[in-house]
Amino acid sequence: MEPIIFTKNLTKKFGDFIAVNNISFSVEKGEIFGFLGANGAGKTTAMKMLCGLLVPTSGLGKVAGYDISTQSDSIKRRIGYMSQKFSLYEDLTVRENMQFFGGIYGLRNKEIQKKIEYYHDLWSNNEMFDGLVGSLPLGWKQKVAFATAMMHDPDIVFLDEPTGGVDPIVRRQFWELIYKASDQGTTIFVTTHYMDEAEYCNRVSIMVDGEIAAMDSPKNLKIAYHTDTMDDVFYQLARKAQRSETV
Amino acid sequence: MNYDIEVDNISKQFVKPDVQALEDINFNVKTGSLFGLIGADGAGKTTLFRILTTLLLADNGSAKVHGRDVVKDFKILRSLIGYMPGRFSLYTDLSVEENLQFFATLHKTTIEAGYHLIKDIYRQIEPFKNRRAGQLSGGMKQKLALSCALIHQPKVLFLDEPTTGVDAVSRKEFWNMLKNIKNQGVTILVSTPYMDEAVLCDEIALIQNGKILSIAPPSTIIAQFPDVLYSVSGSQIGKLLEDVSKFQDIKSCFSFGDTIHVTLNQGDIKGLQKELIQRGHPEVVIDTIVPTIEDCFIRLMQ
């Protein structure tokens, strides 16, 4: 089966600066793929190319079967995206946000209703759906943002630091949502600064200075770097970075 | 005992949206120590910072910083404290050096006078002193903001979530810088959502929904964990968590990276091991472990 994300020598330059340098990797359908790296390593640039928001300078990339250079509109229909900055409408209710984003993706009212009912049952928190998003605790906002990114049953969902700043219990509940989506066949592409969350991924890549410095299952990475924590694997790789403080 | 921050029954309620941001907050920070406020977004950390830095009035209670009242003595106090807010708040269209100059001038001092305090930090960004602050990387912005908060040699430094969104390597570097600042005699109050940073503080307050759950040195909080904590590991971690949670004597079970941390209501851990083997985890390994601050926090939240 063809991988759901595939890149070969993917490169992005801004003037003389090579933000992403020749990265090649693939992600299988249903996989939870952790995309790690220090600040400034090139994660966001790479992720923007995969989402069809930035055209590569050179190299090849395919997402959900579409070419990232020429078919970015088709990609956008097949992916979900949750940004680290909270991006729902705070002055709409949870229900209205879901209806709005479902509508943008061209879902019929019936389909939207079905989705809302699904989360109704899952969360058994009925009052919440008719409250303004702005008044929700952060943990719930993040769960709602995830549900909204999943409205159109995307093949892949890109999560950019989805658990930054949330409390330890909600952080774990959020990962239960991720597991559930992955079990149902959605591919998860996730960035995080919590190294214990790297352990929850099937595979992780670690970017250093625009390149993928390591990529494997957390277990194999720990063996390869002779340590028993992902924190240490990350530290060994990322401290070699040259450019993070100069960009 | 001398205290540089004394918080006495501080409460703050916001009207719209209606939230009790802080409820009867009490704690003291010893002079020259590094005190951590540990909690998730929305716990009330920023509100507390704003009250202590004279930017917001509490509804009830009082607070003193370096012996001065945060309401009555706000003018004097502002020259005695340094504050680095959670959001980058320097002038993006001024250069690195101009920002530093600006803050030195505001406090009627010079870069030279305070240079010894920021030397180790500022030297790392000095090669880019002519670059506009808006053009800096996240790590460099953070170093500049810290330099600007320190240039007038404050007695007490307030850092609101300085490491949120910062990668693990830069976070370590930042905490080393804090240790150096502390060693030069500055009292530091720092907030963070990262539980692993708690152990780097002399004392911590765990805060949740505007209330303090516990205040003590991190080692004490860990020692106060009342149950025996076990780590359970196996090859199929997802299914393992599900099966562990079905065990009758389970008090709590949470995933921690590639292991599950478990406490029991009663009974023997051997019973859990036996059951897990029966449920198809022949490789399961169970060890007794020392709790982390995150374990303690989760327990206190429940």
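In what follows, chains are A, B, ... by sequence order, proteins preceding strands, each numbered from 1.
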B:Ser255 portion near chain A, given a 4.5 angstrom heavy-atom threshold: both
A:Tyr200 portion near chain B, given a 4.5 angstrom heavy-atom threshold: side chain
Best-contacting candidate, B:Ala168, B:Gly165, B:Gly42, against chain A by heavy atom pairs under 4.5 angstrom: B:Gly165
Charged N-O contact under 4.0 Å between B:Asp196 and B:Arg171: yes
Pair B:Asp295-B:His261, side-chain donor/acceptor within less than 3.5 Å: yes
Test: A:Lys240 and A:Asp209 ion pair at under 4.0 Å: no
Toward chain B, the part of A:Pro137 with a non-hydrogen atom under 4.5 Å: neither
Electrostatic pair A:Lys180:A:Asp183 at N-O distance under 4.0 angstrom: no
Toward chain B, the part of A:Glu197 with a non-hydrogen atom under 4.5 Å: neither
Chain B interface, residue from A:Lys219, A:Arg172, A:Glu199, A:Arg171 that has the most non-hydrogen pairs under 4.5 Å: A:Arg172
Chain A contact via B:Gln208 - which portion, at a heavy-atom distance below 4.5 Å: side chain
Backbone N/O of B:Val166 and side chain of B:Thr163: donor-acceptor pair under 3.5 Å: no
Heavy-atom contact with chain A under 4.5 Å, split by part of B:Phe256: both
Centroid-centroid under 6.0 Å between A:Tyr119 and A:Phe129 rings: no
Plane angle bin for A:Phe174 and A:Phe146 - parallel if under 30°, tilted between 30 and 60°, otherwise perpendicular: perpendicular
Contact leader toward chain B among A:Val170, A:Asp196, A:Thr192, where contacts are heavy-atom pairs under 4.5 Å: A:Asp196
